[in-house]
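This structure is in structure tokens; I'll ask about it shortly.
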Amino acid sequence: RLEDKALLVRQAAADALGAIADPATLPDLSRALQDPTGTYRGTSMWVRRHYVEAMGAIGTDAAIVHLAGALTDADADVVTAAMNGLEKVAGFSYAQGRTRAEAIEAWSRWSKGR
């Protein structure tokens, strides 16, 4: 259902996959995030954030590469969801004492070292 024409169905599918928390669904969520139908006239659709939130909800080391990939997304909400997911996986935050850009860079470096 991540490819359904209805955005509400895609959102529900992503939320359900996050609740199930099966790492085997990470590639599907990542593909959905990259799907061009998740944008409209160059603008990211709100459903894309749900894909990343589901990745974070899975919360395993297998999610790191997918979450780190979302750190460079043009949609600020997607990037925020990626950082929140990485915080969940890592068990700590890089936010304190850093700008948003510095926190993104710190997560990127951290994920490459994993």
- Message: What I'd like to find out is whether the side chain of Ile58 reaches to under 4.5 Å of the side chain of Thr25, using heavy atoms alone.
- Response: yes
- CG of Leu26 to CG of Leu67: how many Å apart, nearest 0.5 Å? 7.5 Å
- Report the distance from atom CD of Glu53 to atom CG of Asp77, rounding to the nearest 0.5 Å.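 Rounded to the nearest 0.5 Å, the CD-CG separation comes to 9.0 Å.
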- Verify the cluster assignment for Tyr40 and Leu33: are they in a single hydrophobic cluster under the rule of side-chain heavy atoms below 4.5 Å apart?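 Yes: a chain of side-chain contacts under 4.5 Å links Tyr40 to Leu33.
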- Message: Give me the atom names and distance for the closest heavy-atom approach of Leu71 to Ser108.
- Response: CD1-N, 3.7 Å
- Shortest non-hydrogen pair, His50 vs Ala14, comes out as O-CB, 3.8 Å
- Query: Which residue, Ser30, Ser111, Pro23, forms the side-chain contact (heavy atoms from CB on, under 4.5 Å) with His66?
  - Reply: Ser30
- Task: Grab the two heavy atoms, one from Leu2 and one from Ala13, that are nearest each other, plus how far apart they are.
- Result: CD2-CB, 3.9 Å
- Query: Any ion pair linking Arg48 and Asp73 (charged N to carboxylate O, less than 4.0 Å)?
  - Reply: yes
- Check whether any side-chain N or O of Glu102 sits under 3.5 Å from a backbone N or O of Thr99 as a donor-acceptor pair, and report yes or no. yes
- Is there any salt bridge (charged side-chain N to carboxylate O under 4.0 Å, His left out) pair reaching into residues 60-70, and which pairs are they, with sequence neighbours excluded? Asp61-Arg114
- Query: Ala95 and Glu87: which non-hydrogen atoms are nearest, and at how many Å?
  - Reply: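 What the structure gives for the nearest pair is CB-OE2, 4.5 Å.
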- Trp110 and Ile64, any side-chain heavy atoms less than 4.5 Å apart: yes
- Item | Nearest heavy-atom neighbours spanning Ser44 and Val78 | OG-CG2, 4.5 Å
- Task: Give a yes or no on this: more than 12 heavy atoms of other residues, nucleotides or ligands lie within 6.0 Å of atom CZ of Arg100.
- Result: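 It does: Arg100 CZ has more than 12 such atoms within range.
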- Query: Relative to each other, are the rings of Tyr94 and Trp107 parallel, tilted or perpendicular (30° and 60° limits)?
  - Reply: perpendicular
- Query: To the nearest 0.5 Å, what is the distance between OH (Tyr51) and CG (Asp28)?
  - Reply: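 Tyr51 OH to Asp28 CG: 11.5 Å, rounded to 0.5 Å.
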- Task: Heavy atoms only: give me the nearest Ala54-Leu29 pair and the separation to one decimal.
- Result: CB-CD1, 3.8 Å
- Gap separating the NZ atom of Lys88 from the OG1 atom of Thr60, nearest 0.5 angstrom: 9.5 Å
- Task: Can you establish whether the number of heavy atoms outside Glu3 located under 6.0 Å from its atom CD is more than 12?
- Result: no
- Just checking, is any N or O donor in the side chain of Arg10 or Thr37 under 3.5 Å from an acceptor N or O on the other one? yes
- Query: Asp75 versus Arg49: any side-chain heavy-atom pair under 4.5 Å?
  - Reply: no
- Item | Within one Ile-Leu-Val-Met-Phe-Trp-Tyr cluster: Trp46 and Val52, side-chain cutoff 4.5 Å |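 Yes, Trp46 and Val52 fall within the same hydrophobic cluster.
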